[in-house]
> 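Quick one: this structure, given as structure tokens, is what I'll be asking you about.
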2 protein chains.
Amino acid sequence: MKNPPTIKDVAKRANVSVATVSRVLHNLSGYSSATKDKILDAIEELGYQPNAIARGLVNKRTQTIGVLFPAVSGYFSSTLLHGIEEYAHSKGFSVIVCNTQDDGKRTMKYLQVLREKQVDGIIFASAEVKDEYDQAISEMRVPVVLVNTFSQKQIIPYVKIDDRLAAYQATSYLIQNGHREIAMISGTVGDRIAGSPRLEGYRQALEDHGIACVESRIAYGTFNMESGSQAMERLLEGGVSFTAVFAASDEMAIGAMGAAMKKGITIPEELSVIGFDDLELSRAVYPSLTTIHQPLAQMGRMACEKLIALIDDGEDVASSMVAHKLIERESVSPLHRPS
Amino acid sequence: MKNPPTIKDVAKRANVSVATVSRVLHNLSGYSSATKDKILDAIEELGYQPNAIARGLVNKRTQTIGVLFPAVSGYFSSTLLHGIEEYAHSKGFSVIVCNTQDDGKRTMKYLQVLREKQVDGIIFASAEVKDEYDQAISEMRVPVVLVNTFSQKQIIPYVKIDDRLAAYQATSYLIQNGHREIAMISGTVGDRIAGSPRLEGYRQALEDHGIACVESRIAYGTFNMESGSQAMERLLEGGVSFTAVFAASDEMAIGAMGAAMKKGITIPEELSVIGFDDLELSRAVYPSLTTIHQPLAQMGRMACEKLIALIDDGEDVASSMVAHKLIERESVSPLHRPS
DNA sequence: GCTTTTACAGTAAACGTTTACGTAAGAGCT
DNA sequence: AGCTCTTACGTAAACGTTTACTGTAAAAGC
């Protein structure tokens, strides 16, 4: 037989109707154990596998979710994805990945594709939820959960940490270690998710400790390593002094450390660095990076849990503000004041 | 209307048959421009979106491919995935990610799910192609392409570099720099993909240069950073001397460098390190890592190209052995012989 | 011995498309 | 006028499932 066997072929071979085959497939009731055996044999002999597409058509369920990332490569997204995929798979869902590149047109395109493909739900990660998306999302009647972001227009359940607070604590930690000239390598300017909140936390911490915030001590990157290196170079050439730097992502922190060390600056002796995310990376580099831990895999998992709960029972689920944690490693040292 | 509008709703509203609607949807011929306008209006007003599931059922095409990774998190896989997803999307395909965890049972399960979901093709990455998979793959009549791996049983097109040669060159490079006591941090023992070939390349290079290979200079990791650190620690405690080390992955190299530096060993002055992969990472760390470049994103893209060619025109496609390249950075220096 | 229940199974509609085929009207030609 | 050809549609089957509805015989209850 050329084409893959269908339930009809099974039915024919077992001398029963398709309805009966379907019943044993779902082990419902309504057949003798004798016919069950016949059917099972037929399935075995033909190597029959159900067609999920046909199934999806009738029950309007595809057991598939879509995940939108602004960037799929890198530790951050892939760890999140890992958590999501893991849980989804355990619950019998597949995940379609979409790499929006933080581009509006692409995002809208993906949203449309996901709609056409009849996904049962969507996880939207890390990127700002533009009005346009908000609207598209509410038009397609599909559950959505946000991770590492939130929506100001609609109430869409999210899973994230308190970025502002975490940044506040990171900066305060530096201050507690005696630093007063603290630079920041912020994320993309205007980014309302991991950009401005962390910057605000930094500013607030300085202010609360009576330290003036000088704008030339702030450099902007795009969260990745390369941009971290460049930001550090700009800071170094900027003529402002600083004894510590808070980077809004581990990747930028690593890039910044690399750039600083290349200039002969020793870390943490001459410059303390604190990162944000706690990627596996930060444990392995030397000096290992003191940073804010964000339980990414777990957050992905939680988002997926919420989504599937939404899909299955449709009840509303609550958002989760998950706990972050400051991890002390080697890249920060108390300021040795010239005495 | 509660349910999303279907093509029938559109047809009704435009006073035409579903066939005509379908025709304009695919802009085939067979309708006047007047009816076309009517239909377009109806589509607009109803906010109609085609249902790809129903479509998939009739044309036996889902415009979806599956990608199997042994591990989704980490730079390596995510870069590969990026290349794959990018190309797939540009050609109107969606990608389902599967995280096999290098586990046989899980892999088989995923293969089954992908079959049931009627994916049009499969990309199998990085993991060894066990006989079991080979068989499952040939049973489901779906194109498959391999990336970063190959099959010894069947001829399945692949995209990969010459691991053995690359390892040979990496080791030779160390030798050319005057090193003779060269350790290796190999990948998972028994791994026939990125494990033994690279180890063999290392051995061969030593042999060809008349250097005896001492087994205690070989440590085994699992390609990730943590295992690299541990391997380095074992090497250091092992009592053998070595002035250079070749790690079978950048992640292990970074981990190893971290562990060495933690012990006060300076790189590259006291110890040269060469990695493998050229992840973005290796450029950013300090000292930046000399390594073998593997064009991962491009390889993902190529694999996806091949797969879609296979899907669309069914012609056989050739495998590609892509070029690697040694990237000289800072982690290797010529051996300063005590003169 | 009668009705009622139960167990087992088949029939057919439905899900939302695509597409082969049919048909009617008009155009073009002889 | 009669013929064919084209254009512009409509009809209905098919894709592979699920499931509500029926049907029937045997078992159970009286």
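Numbers restart at 1 for each chain; the letters A, B, ... are given by sequence-line order, proteins then strands.
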> Any side-chain N or O of A/S29 less than 4.0 Å from the OP1 or OP2 oxygen of C/dA7?
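No, because none of the side-chain N or O atoms of A/S29 sits under 4.0 Å from OP1 or OP2 of C/dA7.
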> Return the value, rounded to whole Å, for the distance between atom CG of B/D9 and atom P of C/dC15.
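In whole Å, C/dC15 P and B/D9 CG are 10 Å from each other.
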> Mapping A/I53 and B/S33 to their closest nucleotides on DNA chain D, which lands nearer the 5' end?
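Result of the comparison: B/S33.
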> Is any side-chain N of the basic residue among B/R106 and A/E86 closer than 4.0 Å to the acidic one's carboxylate O?
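Looking at A/E86 together with B/R106, the answer is yes, because their closest N to O distance falls below 4.0 Å.
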> Minimum heavy-atom separation for A/A54 to B/L57, with atom names?
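Smallest interatomic distance, heavy atoms only, reads CB-CD1, 3.7 Å.
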> Can a donor-acceptor pair be found between the side chains of B/H82 and A/N99 at a distance below 3.5 Å?
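Side-chain D/A pair, B/H82 to A/N99: present.
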> Decide whether B/S151 and B/D134 meet the rule of one side-chain donor and one side-chain acceptor closer than 3.5 Å.
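Side chains of B/S151 and B/D134: pair found under 3.5 Å.
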> Polar-atom pairs under 3.5 Å, protein N or O versus N or O of nucleotides 16-18 of chain C: list them with distances, or write none.
unit_1, atom_1, unit_2, atom_2, d
C/dG16, OP1, A/K60, NZ, 2.9
C/dT17, OP1, B/Y48, OH, 2.9
C/dT17, OP1, B/N51, N, 3.1
C/dT17, OP2, B/I7, N, 2.6
C/dT17, O5', B/Y48, OH, 3.2
C/dT18, OP1, B/H26, NE2, 2.4
C/dT18, OP1, B/R55, NE, 3.0
C/dT18, OP1, B/R55, NH2, 3.4
C/dT18, OP2, B/S22, OG, 2.7
C/dT18, OP2, B/H26, NE2, 3.4

> Using 4.0 Å as the upper bound for N to carboxylate O, is an ion pair formed by A/K130 and A/D102?
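Not counted as a salt bridge, because no side-chain N and carboxylate O are separated by less than 4.0 Å.
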> Can you tell me if B/T20 touches the phosphate of D/dA8, counting only side-chain N or O atoms and a distance under 4.0 Å to OP1 or OP2?
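Checking D/dA8 against B/T20, no side-chain N or O comes under 4.0 Å of OP1 or OP2.
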> C/dA9 phosphate, OP1 or OP2: any side-chain N/O from A/T35 under 4.0 angstrom?
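Affirmative; the distance criterion is met.
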> Whole-Å distance between D/dT7 P and B/K36 NZ?
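Distance check: B/K36 NZ to D/dT7 P gives 16 Å.
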> Please report the distance, rounded to the nearest Å, between CG in B/N15 and P in D/dA8.
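Taking CG of B/N15 and P of D/dA8, I get 18 Å after rounding.
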> Is it true that A/S320 and A/K306 share a donor-acceptor pair across their side chains at a distance under 3.5 Å?
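Short answer, yes.
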> Below 4.0 angstrom from OP1 or OP2 of C/dA7, is there any side-chain N or O of A/S32?
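For C/dA7, OP1/OP2 do not have a side-chain N/O of A/S32 under 4.0 Å.
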